[in-house]
Amino acid sequence: MALLVVDRHHRTAAALAVHLYDLPDAAEQVAAVLAAGNAQAIQAGRAADVAAVDWLFFEEGQLQLLADVAAALTLYSPGGRESIGELFWHAMTTGREQMVIATIRQLLLSGKAVEAAAAVQALCAAGQQQQVARTAAAAMAATVDAAASGAVAAVAACNVLLWQQGAVPLLRDVQLALARQGRADVAAAASWHALQRGEAGMVAGVGTAVIRSGEPRQAAELAAALAEASGHSPAATKALSRSMASAMRAGCAAEAAAVAAQLLALGAAGLLESVTAGMLSEGSAAELANIASAPALRRSASASLGDLAAILTAPSAATPPAGADEPKRS
């Protein structure tokens, strides 16, 4: 099989692989063999040939085959993860990004969140992070749009794995990419799912990174979407409050104030008041005062809201929302 690939008999290699994969009870073993051959070919400098065969699979709708081979490649030693990163990056830079999106989507839909996270991290290591984030965001949106059972849970699980592996900058960029693509709802659904399963630290931590990014419009849209997805749950509000306070403590007063101003511009004054109450309940009065006095917030004053600093420092904000405790880890 590997010889067919490197000798550029791409269609013959693809047809033979599909035939073997479709044999009874052969899928897993065939995927492992294909992954080994792909790794060896990529390590020999033939990523272009492997990508060409994979593109044929994609055109023929062999998405599960692509996913199974990708999953096996993340486990192959030596160099399997590096190989899949190089393969995916080559595909993305040669007009085959849709194949990468479809493969990651199929990994998630087939219960392979661990392998999906490994593939995304390997791709990030091989390529340019923001471009990879856009591709990962599109794959996550496509997964949720499939409306399959467990789709949101799979995206959330992938995000948690990336968080556990320290990929906070990548998660930040994925969330920002979703917001730019008009899909803040996808990020919110996954974050709310994770939050319900005890991952408040992840949700707040990634939220802090998003606020510090200096993209207040996207940060505000993501915060508002999380509040909406959670039904304005106290647990979600608490996570948002912690994100704002942490960003402030990291010296990002201007960025936090800009997000607050954008929340008001989105008509989310109620959410901002709840976040304020949460910050006060967490002992973040000093940080809150800095936000309230920031020029970005004062410039957004409107006749309907009056003095926005007063909203942030209203006595009613000192009472935290009822039941604001974090959900227990399941």
*Please say whether more than 12 non-hydrogen atoms of neighbouring residues, nucleotides or ligands are located less than 6.0 Å from NE2 in H19.*
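Atom NE2 in H19 is not packed in, count stays at 12 or less.
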
*E28, CD: over 12 other non-hydrogen atoms inside 6.0 angstrom*: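 Atom CD in E28 is not packed in, count stays at 12 or less.
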
List the residues meeting side-chain hydrogen bond (donor to acceptor under 3.5 Å, both in side chains) with [X], not counting sequence neighbours, and say none if there are none.
{"X": "E255", "answer": "none"}
{"X": "D173", "answer": "Q129"}
{"X": "W55", "answer": "E59"}
{"X": "T94", "answer": "R96"}

Got a sec, which pairs hit side-chain hydrogen bond (donor to acceptor under 3.5 Å, both in side chains) with one end in [range], sequence neighbours left out?
{"range": "residues 80-91", "value": "Q43-S83"}
{"range": "residues 215-230", "value": "R180-E215, R217-E221, R217-Q262"}
{"range": "residues 145-157", "value": "D145-R183"}
{"range": "residues 150-161", "value": "none"}

Nearest atoms (heavy-atom pairs only) where [X] meets [Y]:
{"X": "S243", "Y": "A204", "value": "OG-O, 2.8 Å"}
{"X": "A119", "Y": "F88", "value": "CB-CE2, 4.1 Å"}
{"X": "W192", "Y": "A229", "value": "CD1-O, 3.6 Å"}

Measure the shortest side-chain to side-chain distance between [X] and [Y] over non-hydrogen atoms and say whether it is less than 4.5 angstrom.
{"X": "L222", "Y": "L226", "result": "no"}
{"X": "V174", "Y": "M140", "result": "yes"}
{"X": "D54", "Y": "L87", "result": "yes"}

Suppose we screen for salt bridge (charged side-chain N to carboxylate O under 4.0 Å, His left out). Which residues come up paired with [X], at least two apart in sequence or across chains?
{"X": "D22", "value": "none"}
{"X": "E115", "value": "none"}
{"X": "D68", "value": "K112"}

_Once salt bridge (Lys or Arg N to Asp or Glu O under 4.0 Å) is applied, what residue pairs with a partner in residues 127-140 remain, sequence neighbours excluded?_
none

*Under the criterion side chain to side chain contact (heavy atoms under 4.5 Å, CB included), which of V259, V203, L271 is the partner of L240?*
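Of the listed residues V259, V203, L271, the side chain to side chain contact (heavy atoms under 4.5 Å, CB included) partner of L240 is L271.
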
